[in-house]
Amino acid sequence: MDLKKFWLPVFIGILIFSPCDAANSRNSSAKNWSKSLDATFPEQLRRGLRSCATVASPGEGGVCKILAAMDEQLKILAAPKNRDPPPRNSCKFKSDNGASLHRYATDRSPALQALLDRYSAMHSACVARDHDNLHHIIAKNTAKITNPSQCRYIVWSCTFGLGNKLMSLVSTFLYAILSQRVLLLEESPSWDRLFCEPFIDSHWKLPRGLSLKDDQSISFPDFYARCRGRLARSDACRSQPVLPIVFSANTKPEEHRFLVCPSAMASVRNIPVLNFRNSNQYFAAGFFLNPSLRPILEAIFPERRVFHNLAGFLLNPSDEVWGSIQSLHSMKFRGASRRIAVQLRESKGDYRDYYDASVPRCIRSKSGLCPIEIDEFLESKNKSIASDDYIAVYVASLVGEHAAKLNASLRDVESQTGQRFELVTLGADEEQRDDVDHQQRALVDIWSLSLADVLLTSHMSTFGYTAQGLAGLTPYFLKPWRDDPCWPSVSSDPCFHFAPSKKLSCREDGFSLSGRESGGAAMACPDLPDTGMQLLEPP
Ligand SMILES: *[C@@H]1O[C@H](CO)[C@@H](O)[C@H](O)[C@H]1NC(C)=O
Ligand SMILES: *[C@@H]1O[C@H](CO)[C@@H](O)[C@H](O)[C@H]1NC(C)=O
Ligand SMILES: *[C@@H]1O[C@H](CO)[C@@H](O)[C@H](O)[C@H]1NC(C)=O
Ligand SMILES: *[C@@H]1O[C@H](CO)[C@@H](O)[C@H](O)[C@H]1NC(C)=O
């Protein structure tokens with residue numbers, strides 16, 4: 001990729017609001033989005049919103065409103081009768097404080113913590129009341145969707161690989177919180193073998209036997225075209241029980257309105273079930289383009305580490321997976337003076353030699369070795385390689401030959417730097433497969449990568465994105481075809497590969513993305529500048 005191709009879209013590509021840009025964007029950002037936000041809450045949950053009117057900042061005011069709406073939902077559900085004391089879910093990862101191994105982790109903001117606490121309470125209360133009736137709530141013909149006390153749901157399913165799944169799941173969870181909807185998974189039972197249940201006294205499974213995979217409801221763009229604004233009062237719009245939402249490489253601009261346009265969010269507020277079906281994108285970043293959500297998101301994620309903060313809550317490895325992570329970690333990682341992790345993705349699954357020279361070069365230049373020490377070492381040639389200190393290099397690849405080659409070339413790096421290197425690997429799987437054992441191994445690989453101090457990953461890989469997001473580390477992308485093969489990314493948050501284009505307009509809301517300038521919140525992804533969008537951490 002040549003330099004011009006990279007920088008041009010950075011300047012003209014994905015653009016976000018700023019209070020201090022050109023005059024026309026000042027006008028639109030000065031617009032009071034408070035009303036637009038209020039319209040996104042369903043009528044029955046609006047009672048508490050007034051109490052937030054005294055909060056001056058739009059971000060904190062918005063958080064206050066979301067909390068108030070969840071409170072209202074809890075009030076409506078008050079004291080379910082005959083509720084058995086729920087079993088408490090145990091999770092070794094949590095009781096061992098496994099998260100403490102992420103040394104570059106950032107705490108959740110108080111706003112996010114408050115939202116997660118309130119969301120969890122709402123989730124548990126809704127699941128306790130509705131779970132056995134979800135068949136009726138969802139089944140089209142018997143839908144009693146006029147019941148105003150009803151909780152609203154999101155059903156998520158995804159058949160892509162693990163990395164894609166996690167991009168889409170974390171994004172969906174963000175929307176669930178913002179829209180006060182309960183997130184349920186339509187997944188094979190094997191999910192339990194990957195992750196612990198995130199909701200301590202509840203669960204997030206769609207009832208067995210219930211599936212929305214074949215649901216034939218009209219698409220979001222058709223619904224929005226038919227039901228936005230005043231038309232939303234028509235019966236057809238009010239009785240839509242399920243609406244599918246999909247973000248993939250083929251997503252059309254009209255579908256991106258779901259993320260960007262406040263009126264689109266308002267149009268779906270009364271639909272009982274949103275069906276997030278087979279998305280493979282990290283669309284969480286796209287909500288930052290929505291002017292009524294943007295201040296709220298900035299308040300919840302002051303460092304814009306959206307994936308990192310949400311995954312820290314949602315993704316806790318199962319006991320089985322955690323056991324494997326721990327044993328790898330204690331074998332070679334814990335004692336190392338520095339940890340480097342390398343992820344080598346081969347799209348065709350075949351070994352190619354083009355990483356062979358570049359990866360050792362990147363390890364030498366990016367592992368934080370001090371050049372002065374290396375010079376001294378080279379001058380006194382007969383000094384033996386440093387004592388007990390060593391640098392651990394974790395290699396994750398489906399192709400076993402990569403680990404063997406890298407291990408051999410690390411011996412050269414040793415003689416060039418005077419440092420001892422230990423290669424750690426889980427072993428190759430040879431092909432991407434989707435049975436549970438392979439997914440468990442993939443998760444161990446992702447987690448081990450995320451425990452590094454320096455992360456070298458293949459660009460465009462959602463596997464690598466997951467590791468960088470969990471770690472809170474900005475990775476280097478391996479680009480062996482370049483002179484400088486270790487290309488730094490711009491943040492730890494993943495890239496939204498196929499993000500809304502600058503041409504997108506929200507007519508109902510009176511703005512389009514083209515009129516807006518970057519406020520430094522996001523830029524084109526270094527690894528997919530033409531269509532990708534990535535959040536930046538504030539300076
Ligand atoms: C911005 O708003 C002011 C008044 O609020 C108006 O006079 C001006 O024309 C607007 N500028 C643009 C570029 O829309
Ligand atoms: C925005 O509008 C709401 C209600 O319409 C009002 O209470 C609030 O004070 C306004 N905020 C600003 C900054 O004008
Ligand atoms: C190198 O090793 C030899 C013998 O082990 C020793 O005599 C010599 O002083 C060493 N040189 C340096 C520069 O340390
Ligand atoms: C890497 O090479 C060293 C030295 O040749 C060897 O002792 C070690 O077992 C190898 N490690 C792996 C993981 O293959």
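Order of listing sets the numbers, starting from 1, for every ligand and every atom in it.
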query: With atoms numbered from 1 as shown, which atoms in ligand 4 lie under 4.0 angstrom from a non-hydrogen atom of Leu423?
result: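 Counting from 1, the qualifying ligand atoms are 13 (C).
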I'd like to know if [X] and [Y] make a salt bridge, using a cut-off of under 4.0 Å between side-chain N and carboxylate O.
X      : Y      : answer
Glu186 : Arg277 : no
Glu414 : Arg420 : no
Lys205 : Asp192 : yes
Asp353 : Lys405 : no

message: Could you identify the single nearest non-hydrogen protein atom to atom 12 (C) of ligand 4 and state the distance to 0.1 Å?
response: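 Result for atom 12 (C) of ligand 4: Asn407 ND2, 3.3 Å.
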field: Minimum-distance protein heavy atom relative to atom 4 (C) of ligand 4
entry: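 Here the nearest protein heavy atom works out to Arg411 NE, 3.8 Å.
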task: Mark whether atom 14 (O) of ligand 4 lies under 4.0 angstrom from at least one protein heavy atom.
output: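 Within 4.0 Å of atom 14 (O) of ligand 4, protein heavy atoms are found.
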